[in-house]
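Each remark here refers to the structure printed beneath this line.
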Number of protein chains: 2
Amino acid sequence: MSVKVSASGIIVKPEPTKIGRLEITRADIMNTAFRFLWSHPFREMTVNKLMDQTSVSRSSFYNYFSDTHELIESLLEILESDILQGANPWLTDDGDPVALLHQSLTAEVHVCYRCGPFLKAITDAAGTDARLEAGWYGMLGRFDDAVRERVIADQALGLIESFDPRSVATALNQVDASMYVRAFGQRPRSRPGPVLDAISRLWISSLYGERWVANRMSTLYREQGASR
Amino acid sequence: MSVKVSASGIIVKPEPTKIGRLEITRADIMNTAFRFLWSHPFREMTVNKLMDQTSVSRSSFYNYFSDTHELIESLLEILESDILQGANPWLTDDGDPVALLHQSLTAEVHVCYRCGPFLKAITDAAGTDARLEAGWYGMLGRFDDAVRERVIADQALGLIESFDPRSVATALNQVDASMYVRAFGQRPRSRPGPVLDAISRLWISSLYGERWVANRMSTLYREQGASR
DNA sequence: GACTTTTACTGACATAGTGTCAGAATTTAC
DNA sequence: GTAAATTCTGACACTATGTCAGTAAAAGTC
């Protein structure tokens with residue numbers, strides 16, 4: 001894109017490009033969609049309603065995305081890198097695995113709390129479009145693989161007992177994803193503390209054993225009088 | 001309808017039915033929908049395609065259901081009782097709780113394996129309609145409550161350590177639901193064995209501790225050589 | 001069996017949202 | 001300043017929805 005070739009085959013220019021109008025409009029649409037999905041479910045997002053909030057017409061939408069699902073897919077890509085970043089400690093670092101796992105889960109909960117309604121929009125949208133569904137499942141699958149790798153490594157070290165790492169990795173990731181959508185997908189969102197505690201309990205007890213769990217609870221349940 | 005005349009003017013069929021035309025047509029539509037959803041995702045189910053497979057016209061659909069979501073809601077009610085039935089042992093019976101839990105999970109996996117694509121249809125449809133979504137979350141909520149009750153009871157007996165039972169119950173039910181949809185929702189469906197193993201591990205280790213898990217695995221992982 | 005009444009069904013219509021395309025408007029190239 | 005490109009838009013065709021007035025079938029009545 002930075003170098004264009006004319007019909008005669010001559011290299012035309014290294015493109016001075018002030019700032020692409022194209023990029024601006026595209027970003028405008030994506031931002032508008034993100035804002036819209038913060039306060040409305042995906043099912044209410046029509047191309048019309050969306051483009052009313054931008055400076056360009058409805059038809060222009062189709063210069064950038066073939067439909068609303070492709071738009072969501074673009075937003076999803078951004079999200080994936082955000083989440084993966086926070087999950088890094090346990091997946092890659094050396095040290096106390098239980099501490100690292102808890103650290104990764106904490107980061108993940110934070111990111112997903114912040115974009116809960118958008119996360120829900122993605123899963124809703126995935127159900128209405130085959131391509132997006134494949135993209136969403138693809139992302140989940142990459143998470144599964146990463147977790148599986150780490151489990152295998154810790155099994156080799158004797159830190160985790162021997163069991164089929166694939167299905168357990170999938171199940172653990174599914175807990176996270178479905179809890180985030182359910183707890184943070186609708187406003188008012190649930191508070192992240194209890195969600196983190198529950199998720200941590202499941203991950204730690206099923207991988208490293210329940211003796212590690214108690215240390216990692218953000219709030220001691222008894223202290224707050226067993227309230228909701 | 002009791003007498004049909006073909007294009008050539010020949011009387012095609014006499015109708016022997018006496019009663020319940022309404023119930024019959026309603027059941028016809030519901031059966032057709034169920035069959036359709038076995039081989040197509042919900043997003044492809046239009047009123048047109050559906051009613052083409054029945055003996056009545058598209059318009060008639062609206063005599064029975066206000067839209068496709070309400071139809072799904074009716075089918076969901078049937079499903080809920082099916083699942084609850086299998087879950088009964090752990091929820092209500094006396095005896096070894098770990099054994100009963102495993103028994104309940106086994107039954108649940110079986111039911112959900114059998115109607116996997118339909119389960120996926122429900123969750124897809126829930127994302128596209130507020131009322132159905134409320135119904136689906138309502139059902140999940142009732143499961144959460146039942147599990148929570150049982151956890152509280154076992155906590156009182158000292159069988160389960162003291163922690164917030166609500167969020168853990170929700171998380172555990174979410175594992176089940178999301179795994180069933182993911183593993184059994186698309187054909188070819190995953191085999192139920194590994195799914196049951198993974199789910200059992202999460203439930204048992206997070207509630208009763210990992211020392212109980214090994215006994216309950218349907219297949220000993222080492223024996224099958226850590227394949228895939 | 002001929003009648004009215006009730007019940008179940010249907011075709012035709014209005015509406016909403018989608019995606020396309022030819023051409024207008026705007027920016028960039030020279 | 002004009003040509004070429006890029007970007008945008010109104011108008012159109014199409015699909016699916018849900019409604020409704022009217023038709024057909026069944027049940028009730030004598």
Side-chain angles (χ1 to χ4, degrees), chain A residues 1-8 10-30 32-33 36 40-72 125 128-132, chain B residues 1-6 11-30 32-33 36 40-73 125 128-132:
Chain A
M1 206 204 273
S2 66
V3 172
K4 268 259 161 99
V5 178
S6 75
S8 57
I10 300 164
I11 291 175
V12 173
K13 205 158 194 190
E15 196 87 18
T17 315
K18 300 223 171 197
I19 287 180
R21 193 163 43 133
L22 227 153
E23 297 305 319
I24 291 175
T25 307
R26 189 184 162 89
D28 186 11
I29 296 173
M30 287 174 75
T32 304
F36 183 96
H40 307 275
F42 173 75
R43 59 177 165 268
E44 289 174 14
M45 190 180 87
T46 69
V47 178
N48 231 320
K49 282 191 205 168
L50 195 60
M51 299 307 284
D52 276 355
Q53 314 253 29
T54 71
S55 52
V56 289
S57 75
R58 189 182 73 84
S59 307
S60 291
F61 176 85
Y62 296 97
N63 291 337
Y64 300 93
F65 307 98
S66 68
D67 56 25
T68 49
H69 304 106
E70 198 178 283
L71 165 58
I72 300 288
T128 67
D129 181 74
R131 222 178 93 103
L132 178 57
Chain B
M1 218 233 263
S2 68
V3 172
K4 265 256 162 93
V5 179
S6 75
I11 291 174
V12 173
K13 195 179 179 184
E15 189 85 15
T17 56
K18 287 272 181 187
I19 47 165
R21 194 163 46 133
L22 227 155
E23 298 306 318
I24 290 173
T25 306
R26 189 183 161 89
D28 186 11
I29 296 174
M30 287 174 74
T32 303
F36 184 95
H40 307 276
F42 174 75
R43 58 177 165 268
E44 289 174 12
M45 190 180 87
T46 69
V47 178
N48 232 320
K49 282 191 205 170
L50 195 59
M51 299 308 285
D52 276 356
Q53 314 253 29
T54 71
S55 53
V56 290
S57 74
R58 189 182 72 84
S59 307
S60 291
F61 177 86
Y62 296 96
N63 291 337
Y64 299 92
F65 308 98
S66 67
D67 57 23
T68 50
H69 305 105
E70 199 178 284
L71 165 59
I72 300 289
E73 215 176 341
T128 67
D129 181 75
R131 223 178 91 103
L132 178 57

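It should be emphasised that the depicted structure is a prediction, and the values quoted were computed from it without experimental measurement. Lettering follows sequence order; numbering is per chain, from 1.
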Between atom [atom1] in [X] and atom [atom2] in [N], what is the gap in whole Å?
{"X": "B:M45", "N": "D:dA16", "atom1": "CE", "atom2": "C1'", "value": "13 Å"}
{"X": "A:N63", "N": "D:dG10", "atom1": "CG", "atom2": "P", "value": "13 Å"}
{"X": "B:K49", "N": "D:dA16", "atom1": "NZ", "atom2": "P", "value": "7 Å"}
{"X": "A:L50", "N": "C:dG17", "atom1": "CG", "atom2": "P", "value": "13 Å"}
{"X": "B:I29", "N": "C:dC9", "atom1": "CD1", "atom2": "C1'", "value": "11 Å"}
{"X": "A:E23", "N": "D:dT7", "atom1": "CD", "atom2": "C1'", "value": "13 Å"}
{"X": "B:D67", "N": "C:dT15", "atom1": "CG", "atom2": "P", "value": "20 Å"}
{"X": "B:F61", "N": "C:dA8", "atom1": "CZ", "atom2": "P", "value": "17 Å"}

Of the listed nucleotides ([options]), which one gets closest to any side-chain atom of [X]?
{"X": "A:Y62", "options": "D:dC8, D:dG18, C:dT20", "result": "C:dT20"}
{"X": "A:S59", "options": "C:dC9, D:dG18, D:dA11", "result": "D:dA11"}
{"X": "B:R58", "options": "D:dT9, D:dG18, C:dC9", "result": "D:dG18"}
{"X": "B:T46", "options": "C:dT10, D:dA16, C:dT18", "result": "D:dA16"}

Check whether any side-chain N or O of [X] sits under 4.0 Å from OP1 or OP2 of [N], and answer yes or no.
{"X": "A:T25", "N": "D:dT7", "result": "no"}
{"X": "B:S60", "N": "C:dA8", "result": "no"}
{"X": "A:S57", "N": "D:dT9", "result": "yes"}

Inset, instruction - Give A:Y64 one of three labels, base, sugar-phosphate or nothing, depending on what nucleic acid heavy atoms sit under 4.0 Å from its own. - result: sugar-phosphate
Legend entry - Pairwise 5' ranking along DNA chain D for A:S55 and B:N48, keeping only the more 5' one: A:S55
Inset, instruction - For residues A:F42 and A:T68, report the shortest heavy-atom separation together with the two atoms involved. - result: CZ-OG1, 3.9 Å
Inset, instruction - List the steps, then state whether side chain to side chain contact (heavy atoms under 4.5 Å, CB included) holds for A:R26 with A:F65. - result: CA-CA 9 Å; A:R26 189 184 162 89; A:F65 307 98; 3.7 Å; yes
Inset, instruction - Would you check if the side chain of B:T32 reaches a backbone N or O of B:D28 as a donor-acceptor pair within less than 3.5 Å? - result: yes
